[in-house]
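Just so you know, these numbers come straight off a predicted model, no measurement behind them. Every heavy atom of this structure was used, including side-chain atoms; hydrogens, water molecules and symmetry mates were not.
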Amino acid sequence: PQVVYGILRRRPIEMIAIGGNGDLPFDIDARHRVRATRDPNVRKLSGSDVEALRAGLDHVADKTFDEIFEETHDDPAYLNAMGGLMDAREFLPADLPDRENKARDILETAEYVAL
């Protein structure tokens, strides 16, 4: 989430990380809505990527910016970060079956994740 936030704020280090130093493929309007300025490159998305993106979009589709802000800033991962980087394992619900193994998977693969 921190990297996405940095991209939306056009922070130089994130811009370099996504291989861009010019215009980004989206616009942000006055109501904080992000709109793509090009079609997605679906060849880079797996079926589970598309499914996760759809679930996220469906979750926020009818919410205002303030509602989304409140929900995300009440999340334990955000609160525990105390202004620093969030620990992705904290996004896993406490009652998630096999939570420990999923958290271990996140630790093992996090260094290979790229935008």
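Partners of Asp27 under the side-chain hydrogen bond (donor to acceptor under 3.5 Å, both in side chains) rule, at least two apart in sequence or in another chain, do not exist in this structure. Evaluation of the side chain to side chain contact (heavy atoms under 4.5 Å, CB included) rule for Leu92 yields Leu96, Arg99, Lys102, Ala103, Ile106 as partners, not counting sequence neighbours. For Asn41, the side chain to side chain contact (heavy atoms under 4.5 Å, CB included) criterion is met by Arg43, Lys44, not counting sequence neighbours. By the side chain to side chain contact (heavy atoms under 4.5 Å, CB included) test, Thr64 pairs with Asp66, Glu67, sequence neighbours left out. For the side-chain hydrogen bond (donor to acceptor under 3.5 Å, both in side chains) test, no residue two or more places apart in sequence or in another chain qualifies with Asp95.
Connection of Phe69 to Val34 is not established within any shared hydrophobic cluster, with ILVMFWY side chains joined at heavy-atom distances below 4.5 Å, either directly or through further cluster members.
Summarising the geometry, atom CZ belonging to Arg33 is positioned 12.5 Å from atom CZ belonging to Phe65; distances are rounded to the nearest 0.5 Å. Atoms CZ and CD, from Arg89 and Glu100 in turn, are 9.5 Å apart once rounded to the nearest 0.5 Å.
For residues 72-86, every residue pair satisfying the side chain to side chain donor-acceptor pair (under 3.5 Å) rule, not counting sequence neighbours, is listed here: Asn80-Glu90.
Closest non-hydrogen pair, Leu45 versus Asp49, comes out as CA-OD2, 3.5 Å.
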